[in-house]
Number of protein chains: 2
Amino acid sequence: MPKRPPLTPLIAALPSTVPFVGPEAQQRASGRNFRARIGANESSFGPAPSVIAAMDEAAPDMWMYCDPDNHDLKVALAKHLGVEQKNVVVGQGIDGLLNIVVRLYISVGDAVVTSLGAYPTFNFHVAASGGRLVTVPYENDRESLDGLLEAVRREKAPMVYLSNPDNPMGTWWEAAEIERFIEALPETTMLILDEAYGETGPASALPPIDVSRPNVLRMRTFSKAYGLAGLRCGYAVGEEEIISDFEKIRDHYGVSRMAQIAGVAALADQDYLKSVAGKVAAGRERISIIARDNGLAPIASATNFVTIDCKADADFALRVMQNLLARDIFIRKPMAPVLNRCIRVSVGLDHELDVFAEELPKALAAARNG
Amino acid sequence: MPKRPPLTPLIAALPSTVPFVGPEAQQRASGRNFRARIGANESSFGPAPSVIAAMDEAAPDMWMYCDPDNHDLKVALAKHLGVEQKNVVVGQGIDGLLNIVVRLYISVGDAVVTSLGAYPTFNFHVAASGGRLVTVPYENDRESLDGLLEAVRREKAPMVYLSNPDNPMGTWWEAAEIERFIEALPETTMLILDEAYGETGPASALPPIDVSRPNVLRMRTFSKAYGLAGLRCGYAVGEEEIISDFEKIRDHYGVSRMAQIAGVAALADQDYLKSVAGKVAAGRERISIIARDNGLAPIASATNFVTIDCKADADFALRVMQNLLARDIFIRKPMAPVLNRCIRVSVGLDHELDVFAEELPKALAAARNG
């Protein structure tokens, strides 16, 4: 048997994991298509017609590399956010930005604080840098601001991750609470404030953008309300020097030309965004009613999904999910202790929620029968 | 002044560099559009009409995340290459794959061997992992296989990078020479064989695919002959375990849905690829004639560009490039010693090469005048 090039010790210790199994893999396994794709917090309403038109117009130009400066999109974002271009960096979705920011700040053994059950892809990137993940349990289905702060101080953690509004629970803190959290953070601790769901919740959950603090990075995306998850485009907003440090390692040609063009077009169509936010709110209400009609307890949500307390243990919620999957309804569920009593249902089109309403009672009955 | 979260020591030592300035930035600086975009080795012939149609059809579906397994594209690639799916990993262009592979194998201080003047983005990723770059001069405008081998042995390097056909010179080695190089490599040295230009050169330059060796990774892309640089889609082919190790750190949702769909469509249209290869060969011939007509010496090329020896020193070649840029002709040039006597001109459309033919004598005259 030949010898082989050794992986670095850090990498050799990592498992070959996929943070999420995709619905396509589940469809391949079952041999059937989902009747309702309401599991990945995608925007079933799709991108704006104006954005689809921009993509069509751009398709023949895909022979050109992208602008590595992401200039046009950064100009549009800066204007939209009321900051300067130098305060914005564009990446391959929030996932891509998390990958970079963890590499910038985390060395082997550094403590990184997050909530138990929060975004697995962040944890995946922390592992790849050898960071030591310190998890704080949710309290009353919200990320615990006090608990996160306490862990940061105790562990002298150089980084803390917080999503607001939150995934997987859909809950949120008001801006004033987030600002108090920021004030209380050590200046040497970088806050990654993931606002992927910022466009679907109450505006009061989002603090005004303040790019003066060198320890706060706010991340947003075109993957959710803008309906462009398939193109990979997100951005981070922060103090000038933090943003320029991304240049040290980011893949400059990594954000596709298509994503940049679609992002500019999407930002320009705020009317469409508002209409989507309205549909999302209506969809949350409908999912909540369906849940209550079945004796379950929907958790108030500021996102494009509703997490539903199945009012029993984790095994029961798992069986509910499995029975919905078996009925070709794609949903997901939180897996961390306490949160795992829930299933998570994304807002979908009317006909998808019809299917969910029809099948949920059957899935619950099947779950109750073991 | 507030304290701030410190970068890791490795990152803090890195400059904030951009490996390449994009033509868009040059256009913004001049306030004018290029008349000929023949500098970035893009495929001016564009993607196939069948691929554009596939993109248009897919645009409304961009609200869905991509398949993180890249299943359909891997199936198509495996069939195309005569290997199994487990031997293929898809990434965000070769750039994205280089980023990952360097992190997999290179720890701080490890020697990484490449040619002096070879792909800067590879070097950029090596720096980000703290690798120690060891460069080997070209010999007769080709990468020096003997020199690379000697450096690998001397430095006990865990990684060596070789492009074939080569960028920025356009030269190539026949498959038998590459195979001898592979045979002679230590089993513990990973060869990154960059075949980005594999579709435009002689088939005799590409060794048969052999996925039995755990120290050879071959990388190819849809950015060149397939005309999809703007979508970021490349792939690596290799032994099963190497490929599965990418799962440890790759951004699973990183290759956009659009790129995967376009890649499948592009692979399916081999007739278009052949037509492009023919146009590229004709374009190389035309650029060579223009060069010779102006007393310059084109270097025989297996790529979609021709590197032209300006038959003087580096300063002169730089002035030729600058004078072409000033005439709104986008080209680039090698910057490493010896190679830097050349300019590099990508195959473009007929009207672009017309402009090049018209302006080159003026640019040369201006360069000769200082």
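Keep in mind that this is a model prediction, so the values were computed, not measured. In what follows, every chain begins at residue 1, and chains take the letters A, B, ... in the order their sequences are listed.
- Ionic pairing of B/E42 and B/K224 is not present here: no N-O contact between side-chain nitrogen and carboxylate oxygen is shorter than 4.0 angstrom.
- At a 4.5 Å heavy-atom cutoff, the contact between B/P6 and chain A is made by backbone and side-chain atoms alike.
- Residue B/Q260 is tested with B/D67, B/D72, B/N70 for a side chain to side chain donor-acceptor pair (under 3.5 Å); the sole match is B/N70.
- Proximity to chain B (any heavy atom under 4.5 Å) is shown, for A/Y253, by both the backbone and the side chain.
- When heavy atoms are compared at a cutoff of 4.5 Å, A/E57 does not approach chain B at all.
- Using a 3.5 Å distance cut-off with no hydrogens or angles, the side chains of B/Y65 and A/N41 do not pair a donor with an acceptor.
- Contact annotation for A/A12: only backbone heavy atoms (N, CA, C, O) come within less than 4.5 Å of a heavy atom of chain B.
- Proximity to chain B (any heavy atom under 4.5 Å) is shown, for A/V51, by neither the backbone nor the side chain.
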Test log, rule side-chain contact (heavy atoms from CB on, under 4.5 Å), inputs A/L7 and B/D245: CA-CA 9 Å; A/L7 298 169; B/D245 284 338; 3.5 Å; yes
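- The parts of B/Y105 that come within reach of chain A are both its backbone and its side chain, each placing non-hydrogen atoms under 4.5 angstrom from that chain.
- Shown are B/R250, B/K248, B/H125; of these, the side chain to side chain contact (heavy atoms under 4.5 Å, CB included) with B/I100 is made only by B/R250.
- Looking at A/R213, there are no atoms closer than 4.5 Å to chain B (heavy atoms on both sides), in backbone or side chain.
- Among A/H71, A/M55, A/M258, the residue making the largest number of heavy-atom pairs under 4.5 Å with chain B is A/H71.
- Proximity to chain A (any heavy atom under 4.5 Å) is shown, for B/L10, by neither the backbone nor the side chain.
- Each of A/D251, A/L104, A/N215 has some count of heavy-atom pairs under 4.5 Å with chain B, and the biggest count is that of A/L104.
- When heavy atoms are compared at a cutoff of 4.5 Å, B/T189 approaches chain A solely by way of its backbone atoms N, CA, C and O.
- Taking A/A53, A/S256, A/A229 one by one and counting their heavy-atom pairs under 4.5 Å with chain B, the maximum is reached by A/A229.
- Of all the listed residues (A/R257, A/H252, A/E247), the one sharing the greatest number of non-hydrogen pairs under 4.5 Å with chain B is A/H252.
- Options A/P158, A/P15, A/A25, A/C66 differ in how many heavy-atom pairs under 4.5 Å they form with chain B, and the most are formed by A/P15.
- Ranked by non-hydrogen atom pairs under 4.5 Å with chain B, the options A/M190, A/R232, A/Q92, A/R28 are led by A/R28.
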